[in-house]
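What follows is a set of notes on a single structure, which appears directly below.
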Number of protein chains: 2
Amino acid sequence: MLTLRQMRYFEALANTRHFGRAAAMVHVSQPALSTQIMEMEDHLGAQLVERNRAGVLLTAKGEAVLSRIRVILGAVDELEETARRRSGVLAGPIRIGIIPTVAPYLVPKLIPHLRQTYPEIEIELKEAVTARLLAELSDGRLDTVIAALPVEAENVETKALFADRFFMAMAKNDSDVLTSPLSENQVDADRLLLLEEGHCLRDQALAVCSAAGKRSLVNFGATSMATLLQMVSHDMGMTLIPEMAISSETARNNLKIVPFADPAPAREIGLIWRKSSGRAEDMQALAAAIVASAAGPRR
Amino acid sequence: MLTLRQMRYFEALANTRHFGRAAAMVHVSQPALSTQIMEMEDHLGAQLVERNRAGVLLTAKGEAVLSRIRVILGAVDELEETARRRSGVLAGPIRIGIIPTVAPYLVPKLIPHLRQTYPEIEIELKEAVTARLLAELSDGRLDTVIAALPVEAENVETKALFADRFFMAMAKNDSDVLTSPLSENQVDADRLLLLEEGHCLRDQALAVCSAAGKRSLVNFGATSMATLLQMVSHDMGMTLIPEMAISSETARNNLKIVPFADPAPAREIGLIWRKSSGRAEDMQALAAAIVASAAGPRR
DNA sequence: TTTTTATCATTGGAAATTCTTATCATGCTT
DNA sequence: AAGCATGATAAGAATTTCCAATGATAAAAA
């Protein structure tokens, strides 16, 4: 069996062209190195070096083998270095899944914050609906998921991060005159616009407006909050908007934001990871970073 | 210390996602594999796999390590295969040096002959004057040299291949009328054309014509036999031509070839290799191939 | 609940590999 | 011929790797 040890010895031998000095270079006795070189030649079925009084020469085949060995040893060094360099909290790769009704508002604050706090972090992001994210979490393609709690998943741990209150968004010139603060049963379910199937916010909106039974007029199913609010600003209806989306989505739209009466309905955003991941420390740090970047710039 | 064994075990584990099956795949017990994986994680200072009842998951770092490991193992396989594939007489790489007054006449016959007889041979050729070839032979950049004997070199073995008689070449319309066969002192040293310094044929020509002391008229020093005979055919003088060069060099030139009286002067072509090369078998085979291809097509 | 099952970790001692020291063999140098 | 430098060989010690048996744990079944 060919070993890295043999390759390292062989490279030393090729560099020094001398068994004794090569042995010293790899901190081993000369017979030990001799033996390994011989075993290597034996295993490869070829003479790699020529033994002379005046030192050692590589055969043509030895040269060919040497150049391949150098490539291999280089790759091994790289492997060791990259694997080892990253250690500590949130250092190295982490794969995060985020639901679409959170991602656009959280990511622009979270990522820079993480990069600054944990310079060695390597973030990979995935945006999808909760069910898909949980599936990927479960088979190991994600390390953690940011979604609305509660979630149905096994073998996971969960940490609540913050509550995200709901508001009602409608066109500034909407003819409906609603008392502010709003009470939940004032909402006309026929005018309620929703995200497409699968988004948890869709279900939450229906629950809040106690309209699960009724058929919503615009059953179009928007693919994103931005699209949804675009529709709202064209007075096609109204929708529930989570607090964290307000500042970025109302800046450029013709929208009026109406609060609900206390206790305001809200969703709870949480962090989810596999119990078996052994990354509790990373997860606590990540949770803190999320809370900080979601809350920080708000004030 | 990271080992190939650990990498092989890890790859099996990544493929099977199961310690027991991975262990079976590499023909080892499960604890043995477990231990190696743990040592690897320890050494790299990073968790590579996540242990679950429902199998095994790779961490993000584990995935990164895996892809590098696959590259490394692939390179090792290639190394083993290419090194081992070639074995047997004159199979694999051989670096041959040939002097310029032999190469153009021998190589076109020798190379096809070798390729046919030893299909796995990989020939690398170098053409240079004897001194340079012997230097490269001595420091291992060549495996063998084809040159005129005797040579001054240490730690080498030598095998005489064949004698190569000298003839005198002159322009067909040369005004000198020489008796044929020629005796050596008939040559007018002032008309003798020579190769440049360093070619053994230059010294041999001077020796044959016993003109070492005299200054040759055309001290131009041609760089090759072809050039030299070009000059001869333009009636700029005459020169010594070795027998092996005659057929190809006279075909297109306006030359007259005059033999010497017996015993005709000749050079001896031989094969030279390092005593320590351990390739005596290859060398005997090569010698036979050279004799066969130099003599064969002559009759 | 308790039991069973599946899975990976741990332990203890055997087997194998690898190492060191001492010595040998060889060919060059003196 | 003796001395020197170099790599090979030998014998036993140290280290690594392995296996078989067992433990620990959590999910699945009873």
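These numbers come from the heavy atoms of this one structure, side chains and all, not from hydrogens, waters or symmetry mates. Protein chains get the first letters and strands the later ones, always in sequence-line order, with residue 1 at the start of each.
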Handout entry: N/O (side chain, B:His18) to phosphate O (OP1/OP2, C:dC8) under 4.0 Å
Key = yes
Exercise for the section: May I have the distance from B:Asp42 (atom CG) to C:dT10 (atom P), rounded to whole angstrom? Expected result: 11 Å
Practice task
Check each of B:His199, B:Arg267, B:Arg202 against B:Thr101 using the side chain to side chain donor-acceptor pair (under 3.5 Å) test, and report the only one that passes.
Solution key: B:Arg267
Handout entry: Test item: A:Val49 and A:Glu41 side chains (from C-beta on) under 4.5 Å apart, heavy atoms
Key = yes
Handout entry: Footprint string (nucleotides 15-21 of chain C, 5' to 3'): B base within contact, S backbone only, - free, heavy atoms under 4.0 Å
Key = ---SSBB
Exercise for the section: Decide yes or no for B:Lys159 and B:Trp273: does some side-chain heavy atom of the first lie under 4.5 Å from some side-chain heavy atom of the second? Expected result: yes
For nucleotides 28-30 of chain C, list the nitrogen or oxygen atoms of the protein found under 3.5 Å from its nitrogen or oxygen atoms, one pair per line.
| from | atom 1 | to | atom 2 | distance (Å) |
| --- | --- | --- | --- | --- |
| C:dC28 | OP1 | B:Asn155 | OD1 | 3.0 |

Practice task
Using a 4.5 Å cut-off on heavy atoms from C-beta on, say whether the side chain of A:Leu4 contacts that of A:Ile72.
Solution key: yes
Handout entry: Non-hydrogen side-chain atoms of A:Leu57 and B:Arg274 separated by less than 4.5 Å
Key = yes
Problem - Side chains of A:Met40 and A:Leu2 in contact at under 4.5 Å (non-hydrogen atoms) - result: yes
Problem - Validation row: A:Asp282, A:Val89 side chains within 4.5 angstrom (heavy atoms) - result: yes
Exercise for the section: Could you check if a side-chain atom of B:Leu110 sits within less than 4.5 angstrom of a side-chain atom of B:Leu114, using non-hydrogen atoms only? Expected result: yes
Fill in the blank from the handout: Between CZ of B:Arg17 and P of C:dT7 the distance, given in whole Å, is 15 Å
Problem - Check ion pair B:Arg141-B:Glu136 (N to O, under 4.0 angstrom) - result: yes
Exercise for the section: On DNA chain D, reading 5' to 3', which nucleotide is the first and which the last to sit with an atom under 4.0 Å from a heavy atom of chain B, could you check? Expected result: D:dT17 to D:dA27
Exercise for the section: Report yes if some heavy atom in the side chain of B:Ile272 is under 4.5 Å from a heavy atom in the side chain of B:Leu149; otherwise report no. Expected result: yes
